[in-house]
Amino acid sequence: MPREMITSYAILKKAAAIANHDGRRLDDSKYQLIVQVCDEILAGQHQDMFPLHVWMTGSGTQFNMNVNEVISNRCCQIAGTALAATSRCIPMTMSIWRSHPMTHFHRP
């Protein structure tokens with residue numbers, strides 16, 4: 001995936017997390033984790049976690065899901081939670097979806 005796409009999505013996810021935190025729709029701990037990971041991505045870290053080629057993304061849904069998974073998994077690592085632990089990672093992924101839905105409807 002082109003670096004510019006990865007950077008653009010990190011900016012978008014960070015901005016959405018800030019807006020949803022300001023609107024009290026995202027708690028402090030999730031907000032801090034999402035912003036920290038977005039900052040890591042903006043600093044050039046985790047580039048190897050975006051394996052899709054631009055022509056594989058179609059409408060962008062696969063790439064958006066890839067970004068959500070990278071952010072969610074890294075948040076779990078920072079929080080000291082196993083990647084497969086649904087008690088932390090699934091709610092984190094849902095928080096990321098709320099901050100920027102992967103399609104045109106809002107996730108519950």
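All values reported here derive from a predicted model rather than from experimental measurement.
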Residues in side-chain contact (heavy atoms from CB on, under 4.5 Å) contact with M5, at least two apart in sequence or another chain: M1, P2, Y9, F63
For E40, side-chain contact (heavy atoms from CB on, under 4.5 Å) partners two or more places apart: Q36, Q45, H46, R74, I78
Atom [atom1] of [X] and atom [atom2] of [Y]: how far apart are they, to the nearest 0.5 Å?
X: C76; Y: I71; atom1: SG; atom2: CD1; value: 12.0 Å
X: D28; Y: L33; atom1: CG; atom2: CG; value: 11.0 Å
X: E69; Y: Q62; atom1: CD; atom2: CD; value: 10.5 Å
X: T7; Y: Q47; atom1: OG1; atom2: CD; value: 6.5 Å

CZ (R24) with more than 12 external heavy atoms under 6.0 Å: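 Open.
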Side chain S72, main chain N68, donor-acceptor under 3.5 Å: no
Result of checking I41, L42, I6 against I11 for side-chain contact (heavy atoms from CB on, under 4.5 Å): L42
Least distance between heavy atoms, D39 atom then K14 atom: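 That would be OD1-NZ, 2.6 Å.
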Atom of I34, atom of A17 and distance for their closest heavy-atom approach: CG2-CB, 3.7 Å
Test item: N64 and K13 side chains (from C-beta on) under 4.5 Å apart, heavy atoms: yes
Side chain proximity check, S8 to L12, heavy atoms < 4.5 angstrom: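 No, their side chains stay 4.5 Å or more apart.
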Set of ring pair (Phe, Tyr, Trp, His ring centres under 6.0 Å) partners for Y31, sequence neighbours left out: H21
